[in-house]
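Notes for the one structure printed next.
Note that the structure is a prediction, hence the values are computed from the model and not measured. Naming: A, B, ... by sequence-line order, numbering from 1 per chain.
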Amino acid sequence: MAAGENVKLLGTRQSMFTQRVVWALKLKGIEYEFIEEDLVNKSSLLLRLNPVHKKVPVLVHGGKSIIESKIILEYIDETWKETSLLPQHPQDRAYVRFWAAFIDDKLMEASKKAFVSTGDDQVKAIESTVEALQLLEEELHGKRFFGGDQEIGFLDIVAGWIAYWFQFIEEVGGFKVMDSTKFPCLDSWTKSFLQVPSIEQNLPPPDELRNVFGAIRSSMCPK
Amino acid sequence: MSEEVKVFGFWCSPFSRRVELALKLKGVQYEYIEEDVFKNKSPLLLKYNPVHKKIPVLLHNGKPIAESLVILEYIEETWKANPILPEDPYEKAMVRFWTKFADEKCLPALWKAGWSPENEREKAVDEACECLKTLESALKGKRFFGGETVGLVDIAANFIAFWLRLIQEATGQELLSAEKFPDLFKWTDEFGSCSVVKESLPPRDKLLAFFKARVAEAMDAQTNASK
């Protein structure tokens with residue numbers, strides 16, 4: 001498929017996973033059509049393009065659909081070569097893939113548990129969340145971005161939800177772990193990351209996130 | 001150029017066997033180091049994988065890489081013989097999608113179905129069969145998921161081709177049958193009969209004994225629990 005062919009993105013503005021793809025497309029200056037999906041009433045288009053998981057985001061390029069946000073990011077990087085998101089050397093690529101998997105598996109799972117649980121379960125989940133953040137804090141040490149000192153890259157994009165969505169997860173979930181004294185590097189990274197124009201201009205409004213997380217929590221928590 | 005390649009693994013782990021299979025497919029010489037993962041992980045393993053403290057770990061010229069799927073992509077990018085990923089970005093994305101599906105959905109569902117207690121079994125088996133059906137659709141009548149040669153999806157699905165059959169034998173359950181999943185069943189034979197694959201599988205009898213011991217342990221635990 002030629003890079004110049006038509007690009008569409010199915011997603012929702014509040015989805016941290018959809019926004020990863022938006023940021024990547026904006027960073028590379030790729031024109032695309034955004035199709036906002038109603039996740040309560042999924043469209044027949046979404047169900048046709050992602051029959052296995054029925055989830056957003058879905059990138060459609062030249063009529064073919066690509067799913068799963070990290071897979072989409074790698075596809076975008078391989079198709080549009082300007083402004084690389086992943087590093088070149090296999091060792092460095094393994095590094096960013098390892099930490100991307102860590103963020104999406106360990107940290108996200110712990111944060112989700114902390115978000116929905118209460119009492120002792122929540123305490124345990126918060127501990128796991130803090131441990132995971134600690135490891136990321138150590139990895140950032142001395143660097144402005146996960147991608148280096150100059151520009152954000154794949155790992156910053158994958159970690160992006162920590163810089164913005166996480167505070168609402170804490171607020172709605174009723175817990176607080178992120179602070180600038182315990183996690184000075186993550187705090188500094190958050191500020192630098194959110195100042196990058198492609199990121200800053202593509203963040204959902206706080207109230208929308210509060211509403212979405214509020215609704216999710218209500219549906220998941222036993223009454 | 002002499003390269004130092006080491007694999008830290010565990011004899012019955014499908015994850016470390018994936019790494020060995022990829023290296024063998026590409027004709028890469030490596031030193032294998034068996035880790036005692038249940039009782040006594042070595043200081044080296046803890047040094048090379050401090051985050052997860054797990055096998056497999058690939059060590060290449062002194063630098064460690066952990067997580068089997070990350071290692072497989074590293075192997076593909078470092079040693080170019082016998083590619084396990086296609087060149088085309090879209091085809092590559094599809095391979096990554098199915099690899100992730102096999103690893104994150106199929107494997108846990110099958111493991112759960114194999115070992116679930118009686119009262120949870122039906123639901124677990126249904127979910128596992130859904131996964132198998134979906135994975136089978138990715139074969140599309142091909143010999144391997146990778147087409148004419150073994151590729152990344154085949155390697156990631158190694159558990160289904162070998163470990164699952166022995167779990168079925170040990171527990172008396174049948175999840176993957178020729179009647180229900182003809183294409184996938186045929187694939188397990190094709191995959192299992194490749195000489196390179198055969199070299200990267202654990203000894204059959206030893207693994208079967210391992211699973212049978214686990215079945216016995218689970219039954220003892222249930223008996224004790226109901227006392």
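- Here A/F98 contributes atom CZ and B/H52 contributes atom NE2; the two are 3.5 Å apart, rounded to the nearest 0.5 Å.
- Salt-bridge check for A/E78 with B/R96: passed, with a basic side-chain N closer than 4.0 Å to an acidic carboxylate O.
- Heavy atoms of other residues, nucleotides or ligands lying less than 6.0 angstrom from CG of A/D120 number 12 at most.
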Going through the distances and angles, do B/E77 and A/R93 end up as a salt bridge (Lys or Arg N to Asp or Glu O under 4.0 Å)? CA-CA 9 Å; B/E77 286 167 359; A/R93 292 164 77 82; 3.1 Å; yes
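- A 6.0 Å sphere centred on NZ of A/K182 holds more than 12 heavy atoms belonging to other residues, nucleotides or ligands.
- Applying the 6.0 Å contact sphere to NZ of A/K113 captures no more than 12 heavy atoms from other residues, nucleotides or ligands.
- Looking at A/R97, both its backbone and its side chain come within 4.5 Å of chain B, counting heavy atoms on both sides.
- From B/K92, atom NZ reaches atom CD1 of A/I71 across 12.5 Å, with rounding to the nearest 0.5 Å.
- Taking every heavy atom of both residues into account, B/V70 and A/A94 meet most closely at CG1-O, 3.4 Å.
- Counting heavy-atom pairs closer than 4.5 Å to chain A, the top-ranked of the candidates B/P50, B/A66, B/S137 is B/A66.
- The contact between A/Q91 and chain B is made by backbone and side chain atoms together, counting heavy-atom distances below 4.5 Å.
- Nearest heavy-atom pair across B/A93 and A/Y75 is CB-CD1, 4.3 Å.
- One finds the CG atom of A/D104 at 9.0 Å from the CD atom of B/E104 (value rounded to the nearest 0.5 Å).
- Of the two parts of A/F102, only the side chain, counted from C-beta on, holds a non-hydrogen atom closer than 4.5 Å to a non-hydrogen atom of chain B.
- Shown here is B/E199, whose CD atom has more than 12 heavy atoms of other residues, nucleotides or ligands within 6.0 Å.
- Atom CD of B/E122 sits in a sparse spot, with 12 or fewer heavy atoms from other residues, nucleotides or ligands closer than 6.0 Å.
- The environment of NZ in A/K143 is crowded: more than 12 heavy-atom neighbours from other residues, nucleotides or ligands sit within 6.0 Å.
- For A/K55, the NZ atom sits in a loose shell: 12 or fewer heavy atoms of surrounding residues, nucleotides or ligands are nearer than 6.0 Å.
- Using the six-membered ring where Trp is involved, B/F97 and A/H53 have ring planes that are perpendicular, over 60° apart on the 30 and 60° scheme.
- Within a 6.0 Å radius of NZ in A/K42, other residues, nucleotides and ligands contribute more than 12 heavy atoms.
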